[in-house]
Amino acid sequence: MNGSDVKIEGIDKHFGDFHALRNVNIHIQGGEFFSLLGPSGCGKTTLLRILAGFESPAAGLVRINGRNILPLPPNKRHTNMIFQNYALFPHLTVFENVAFPLRLKKLGRREIDAKVEEYLALTKLAGQEYKKPAQLSGGQKQRVAIARALVNGPEVLLLDEPLSALDAKLRQHMLIELDTIHDKTGITFIYVTHDQQEALSVSDHIAVMNEGRIVQVGNPTEIYESPADVFVANFIGEANLFHGTIASVEGEMVSVEVKNMGILKVTMEPGDLEGMRDFQPGKQASITVRPEKINIALEKPPDLLQDVFNAFPCVVDEVIYNGFQSKFFVKLSGTGGNGNSAIKAFKQHMSYYSAGPEINWKDRVWVWWKADDAYLVEVHDA
Amino acid sequence: MKKNHGLLYTLPTGLWVTVFFLVPVIIVFLYSFLDRGERGGIVWRFSLEAYRDMASPTFLHILVITMLISLAATVLTLLVALPCAYYMARSKRKSLYLFLIIIPFLTNFLIRIYAWQAILGNSGFLNNLLIRAGLIKNHIQFLYNEWAVIIVLVYSYLPYAILPLYSTIEKFDFSLLEAARDLGTSHPGSILRVMVPNIRAGIVSAVLFTFIPTFGAYAVPKLVGGGKNSFMLGNIIADEILVNRNWPFASATSILITLVTTAALGLYVLANKSAARAAQRKKT
Ligand SMILES: Nc1ncnc2c1ncn2[C@@H]1O[C@H](COP(=O)(O)OP(=O)(O)OP(=O)(O)O)[C@@H](O)[C@H]1O
Ligand SMILES: [Mg+2]
C-alpha cells in the first residue's frame, strides 16, 4: 500500500565522548511492522530521533523511498512520531489535538472535520472530541497520540515505547489495536521497545540492538530460535546457556564437552554448518536451550534415546507456579548449582490433570532435551 | 460543640488589608471629590473641580504619554524577559541565573537609578566609551527624554517579568515543541502555537507586574526623564501635592491610575472567564 521503504546506512552518533550509535545499517521494507528491540540505553530512542529529525548523526544516511532525508528539518519529513509520554497539547481538546497538523496545512473546515472524525473513529475515540488531555485515561491519551500522528498520512510512523506507560492488560489490548491499525493503513511502522514479548508478537522483522550496535536483524522466529550471539539468546526470552569445548564433529552432530556435565550433543542445520566452517575440536562453544524445550520427570528417560537426547539427573531447587505453566529451577546432582550446572525447565499445563506425578521442591528428577532443540550460538578460539 | 473559627483566623489579614490598603484608598477617593484648601489640604465641601481639571490639554497629553511609555516599557520588558526566562529554564545552571536575577534587589532602587545617570550622562560611562572608541566626536544626549525613561523602566521591572515567566516555562514540557515540529510547524511556529498558550499565566503575570508599576512610575521619570514627553502621571501627583498644593487633583489623578491598573486586571479576569465559558459551551 502506501508504506515507504526505509534504508538506514552507516549511522554513527556521539554525545560528547559517548558513542551512542555505531555503524547502524537497517533496511526496512515498505509497509513493514519493524521493531527496534534492546536493553535500556542501547540507543533505540536516539536512532528514532534521528529518523524524526531531532538529532543529526555524525555519519551515515537515511533514505526513505531512496531519497536521503537527513538534510530535512522534522517538519519537512513525511514521518510522524508517537512519543513515549504522548506529548499531547494540554491546552487543546482531543479534536484540536488531532486537527493540529491539518490546520497547519490550512485545509478547509469541512475537510478537517471529516478527517479528524475519520481518525477518531479509527482509534475508537468518537464522543471524546471535546475533552482535554488531562481528562483522559492512559489508553485514551495513547489513542489520541496515534490519531494525531496518523491524520497527516505519514509514510513512516515512528513509535517510541508507546505502550510502556500502560498496565499489562491494556498493553496487550493496545498492541492488537496497533497491529490492526497497521494492517488497515499499510504504513511502515518502526516500533521501539525493550519488551521482547511485544516485539515478537507483532513484528514482521526485529532488529536487536546492544550498546549502539545492531546485533541481529531477522523475523521473530529467527531471532528466537537462532540467536546471533549469547547476548541475543539471553535477551530474547529465557535461555539455558552452556559453555564448553568442542569434542567432535560428526556430520551434523557436534559434541561439546561441558564442565560438570560431560558431553552435550547439538544437531546443526546443514546451512549453519557451512556458515561456521571453523568448528573444529578444541574450539570454545556456547550452546543455548530454551527452557520450554527441556523435559522434566521423576523417572529416567528410556536408554534407547541416549544418542539423540541429552539427559541429566538433577535436584529441584525451586518451583514457580504461573497458572499456565510451572518453572522448575534444577541443579545437576552432586554439584553446587553454579555456572553450567543450573538448568531452567518450563512445563506447560496442557490439561487439567497433570501428566504423571507432581514434582516438588528437593525432588530428584531427570531433565532431557533433543539434540536438535539445542542451538550452537557462538564458536570462538580457545 | 463545634465552633466556626474561620472568621477569627482571617481577622489579622482582614485588619491589615483594611487599615493599610482600604482606608487609604477610601481617603484618597473622598479627597478627590472635595474642594482644595488654600495652602494644601482640603475643604470639606463636595466638588467635581478635580475631575473637571483633567479635561485640560496638558493633563490629557501627560495621560497619553504615560500610557505610551508604560505600554512601550511593558512590551520591551516582555520581549527581553521571554528569551531570558526561556534560556534560564533550559539551562543547567538555573540557580546561578536565579541568583543573578535577584542581585539587583539587594541594592536600593534609587541608587540603581542614579547609577543609570552615571552610565547615560553626557560625560558618563557610555558616552566616554563611544568617544574613546572613536565612534562619535561629541557626546550624545541619552538622558532626560522618554527613551531614557523607557530603558530604565525596562531595566527596573525586568526581574519582575522574568521570575513569573521562568516559573511557568520551567514547568513546561519541552517535548511538546518537538511534537509540534514533528506535526509540521517551524521552530518559531511551535513556540507560538504550543509554548505561548501553555505559559499564558506567566505572560499575563509578567505583563501585569510590569504595566501596573510603570503606569504609576514616579522616581524614574523624575530622575532620568525631562521635557514634556517624559513627564508621567506619578510626577503630576507629586507636583500637585508639593508645588501646587492641590490635594483633590492629586487624589483624582491617583484614583485614575488605580482605575486604569484595576481595569488591566479586570480585563485579564474577564478574558479568563469568557475562555472558560466558551470551552463549556463547546462541550454541551
Ligand atoms: N542528549 C543526550 N546527551 C547525552 N547523552 C545522551 C543524550 N541522549 C541520549 N544519551 C545517551 O545515549 C544512550 C542511548 O540513549 P537512548 O535514549 O537512545 O536509549 P534507549 O535505547 O532509548 O533506552 P530506553 O529503553 O531506556 O529508552 C544512553 O546512554 C543515553 O544516556
Ligand atoms: Mg528510549
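To find a chain, count down the sequence lines: A is the first, B the second, and so on, and within it residues start at 1. These numbers come from the heavy atoms of this one structure, side chains and all, not from hydrogens, waters or symmetry mates.
Taking non-hydrogen atoms and a 4.5 Å limit, the residue list of residues 191-200 of chain B in contact with chain A, ordered by number, reads Arg193(B), Val194(B), Pro197(B), Asn198(B). For a heavy-atom cut-off of 4.5 Å, chain A lies close to no residue in residues 253-267 of chain B. Taking 4.5 Å as the heavy-atom cut-off, none of the residues of residues 78-98 of chain B approach chain A.
Taken from NE2 in His91(A) to CG in Leu176(B), the straight-line distance is 8.5 Å, to the nearest 0.5 Å. Residue Ser175(B) holds its OG atom at 12.5 Å from OH of Tyr86(A), rounded to the nearest 0.5 Å.
By the 6.0 Å contact criterion, CZ on Phe125(B) is open, its count of non-hydrogen atoms from other residues, nucleotides or ligands being 12 or less. Within 6.0 Å of CZ in Phe29(B) there are 12 or fewer heavy atoms belonging to other residues, nucleotides or ligands. Within a 6.0 Å radius of CZ in Phe15(A), more than 12 heavy atoms belonging to other residues, nucleotides or ligands are found.
Highest contact tally toward chain B, considering only Gly53(A), Pro74(A), Pro73(A), Ala52(A), is held by Pro74(A) [criterion: heavy-atom pairs under 4.5 Å]. Between chain B and the options Thr79(A), Leu92(A), Asn152(A), heavy-atom pairs under 4.5 Å are most frequent for Thr79(A).
Leu88(A) touches chain B through its backbone: at least one of N, CA, C or O sits under 4.5 Å from a heavy atom, while the side chain does not. Only the side chain of Asp173(B) has a heavy atom closer than 4.5 Å to any heavy atom of chain A. Contact annotation for Ser190(B): neither backbone nor side-chain heavy atoms come within less than 4.5 Å of a heavy atom of chain A.
Residues meeting the side-chain hydrogen bond (donor to acceptor under 3.5 Å, both in side chains) test with Arg49(A), sequence neighbours left out: Glu55(A), Glu178(B).
Asp182(B) places a side-chain N or O within 3.5 Å of a backbone atom of Met81(A) that can act as its donor or acceptor partner.
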